[in-house]
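Naming convention: chains lettered A, B, ... in sequence-line order (proteins, then strands); numbering from 1 in each chain. These numbers come from the heavy atoms of this one structure, side chains and all, not from hydrogens, waters or symmetry mates.
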2 protein chains.
Amino acid sequence: MGIIRKTVSIDLLLNEFEQESNAISAVDLIKRLDKQINKTTIYRVLDKLEDDGVLHSFLGFDGVKWYAKCKGCTKSVHKDFHPHFQCLSCGTVDCLNIHVNIPEIPNREVLFSQLLIQGKCEACAA
Amino acid sequence: MGIIRKTVSIDLLLNEFEQESNAISAVDLIKRLDKQINKTTIYRVLDKLEDDGVLHSFLGFDGVKWYAKCKGCTKSVHKDFHPHFQCLSCGTVDCLNIHVNIPEIPNREVLFSQLLIQGKCEACAA
DNA sequence: CTCGTTAATGCAACCGAGTTGCAAATATAG
DNA sequence: CTATATTTGCAACTCGGTTGCATTAACGAG
């Protein structure tokens, strides 16, 4: 469906992603914007921003939804496949700027893939 | 904690995995064994079987938990890293017997990784 | 085989992420 | 400024998974 009107909720959400270079979970956004936006609205706006290619989403290791800014995606083409990294100590999640080659698989048509790498981030590995 | 006593529930669950070469979701197991085992028990037995290295678990694209037989894992060492494939048409999920190389990442310690490939399986691609 | 200990089970209630229906509020074209 | 269609908030709901607790069953000792 996508964004049609410019509203306060959209501004507030986009602002969170401006301030933050990492990915942000939906749950965390709901906490941060608790007094300002209803959680239903947050889920709906995130959906639309994803439709519009502004954000992309993926699941963390516990199955909760995370969002991060897209680079070079459009409404129709989400070309931006990359792995995500989740720190097992601090929980931080971010996009990895590396390419991982997914092999062809006999007799199957590969359409998408999601790679979640877990470990310790720079701060926590020290 | 692991399996200590041999019970009917364990037999029933293991039997499902004998009959089936694909992965099975917890939800599906609950449906299949509805009249025979309580869902709480199913979750608990699956946990233990995973502890013992008999099964391994991972999340499907919608965040639901799947289980499949382990090959060559023990209680202490889950050495069996491999990607999983989920068919977007029929929903079937299985383990892929291929190795995908996860690159080193500067300043981070990589411990695990989960790769979920989505597409069409042999039956559905035709 | 019987008994006692302890693990396993069933049940009901709960939790938390995400969704839905609907009425009220608000953005925007005209 | 007004009309209209989109957004929002709220409350209630869905559903996968978990927890507490009382009951049942596995199994080793005798």
**Asked** In whole Å, what is the span from the CD1 atom of A:I30 to the C1' atom of D:dT8?
**Response** 15 Å

**Message:** Starting from A:L33, can I reach A:I24 by hopping between I/L/V/M/F/W/Y residues whose side chains sit under 4.5 Å apart?
**Reply:** yes

**Message:** Just verifying a value: how many Å separate A:K31 NZ and A:I42 CD1, rounded to the nearest 0.5 Å?
**Reply:** 11.5 Å

**Message:** For D:dG17 and B:Y43 - does any side-chain N or O of the residue sit under 4.0 Å from the phosphate oxygens OP1/OP2?
**Reply:** yes

**Considering all heavy atoms, the nearest A:T41-A:S9 contact** = CG2-OG, 3.8 Å

**Prompt:** In whole angstroms, how far is the P atom of C:dT9 from the CG atom of B:L33?
**Reply:** 12 Å

**Asked** Mapping B:A26 and A:Q36 onto DNA chain D by nearest heavy atom, which one lands closer to the 5' end?
**Response** A:Q36

**Qualifying residues under side-chain contact (heavy atoms from CB on, under 4.5 Å), relative to A:E122, sequence neighbours excluded** = B:N107

**Asked** Between B:T41 and C:dA8, is there a side-chain N or O to OP1/OP2 distance below 4.0 Å?
**Response** no

**Message:** By the 4.0 Å heavy-atom rule, please label A:I37 as base, sugar-phosphate, or nothing.
**Reply:** sugar-phosphate

**Fill in**
Computed from five pairs at either end and rounded to 10 degrees, the angle between the axes of the helix from C:dC1-D:dG30 to C:dG30-D:dC1 is 30°

**Rounded distance (nearest 0.5 Å) linking atom CG of A:L115 with atom CZ of A:F81** = 6.0 Å

**Asked** Does a distance-only test, which skips hydrogens and angles, find a donor-acceptor pair under 3.5 Å between the side chain of A:K39 and the base of D:dG9?
**Response** no

**Message:** Taking the nucleotide of DNA chain D with the nearest heavy atom to each, does B:D47 or A:I42 sit closer to the 5' end?
**Reply:** A:I42

**Item:** Passing option when B:H99 is tested against B:N97, B:L96, B:N101 for side chain to side chain contact (heavy atoms under 4.5 Å, CB included)
**Value:** B:N101

**Protein-nucleotide distance (A:K48, atom NZ; C:dA27, atom P), rounded to Å** = 14 Å

**Fill in**
Between CG of A:D11 and P of C:dA27 the distance, given in whole Å, is 10 Å

**Request:** Give the B/S/- string for nucleotides 19-30 of chain D, one per nucleotide from 5' to 3', where a protein heavy atom under 4.0 Å of the base yields B, of only the sugar-phosphate yields S, and otherwise -.
**Result:** BB----BBS---

**Message:** Can you confirm whether the side chains of A:Q114 and B:Q118 place a donor and an acceptor under 3.5 Å from each other?
**Reply:** yes

**Asked** Whole Å only: how far is the CG atom of B:L29 from the P atom of D:dG17?
**Response** 11 Å

**Asked** What is the distance from CG of B:N38 to P of D:dT18, rounded to the nearest Å?
**Response** 13 Å

**Asked** Could you give the CH2-to-C1' distance, from A:W66 to C:dA17, as a whole number of Å?
**Response** 14 Å

**Asked** In terms of side-chain geometry, is the basic nitrogen of A:D28 or A:R32 positioned less than 4.0 Å from the acidic oxygen of its partner?
**Response** yes

**Message:** Do the side chains of B:D94 and A:R108 get close enough for a salt bridge, i.e. N-O under 4.0 angstrom?
**Reply:** yes

**Message:** Distance check needed: D:dG16 C1' versus B:D28 CG, whole Å only.
**Reply:** 14 Å

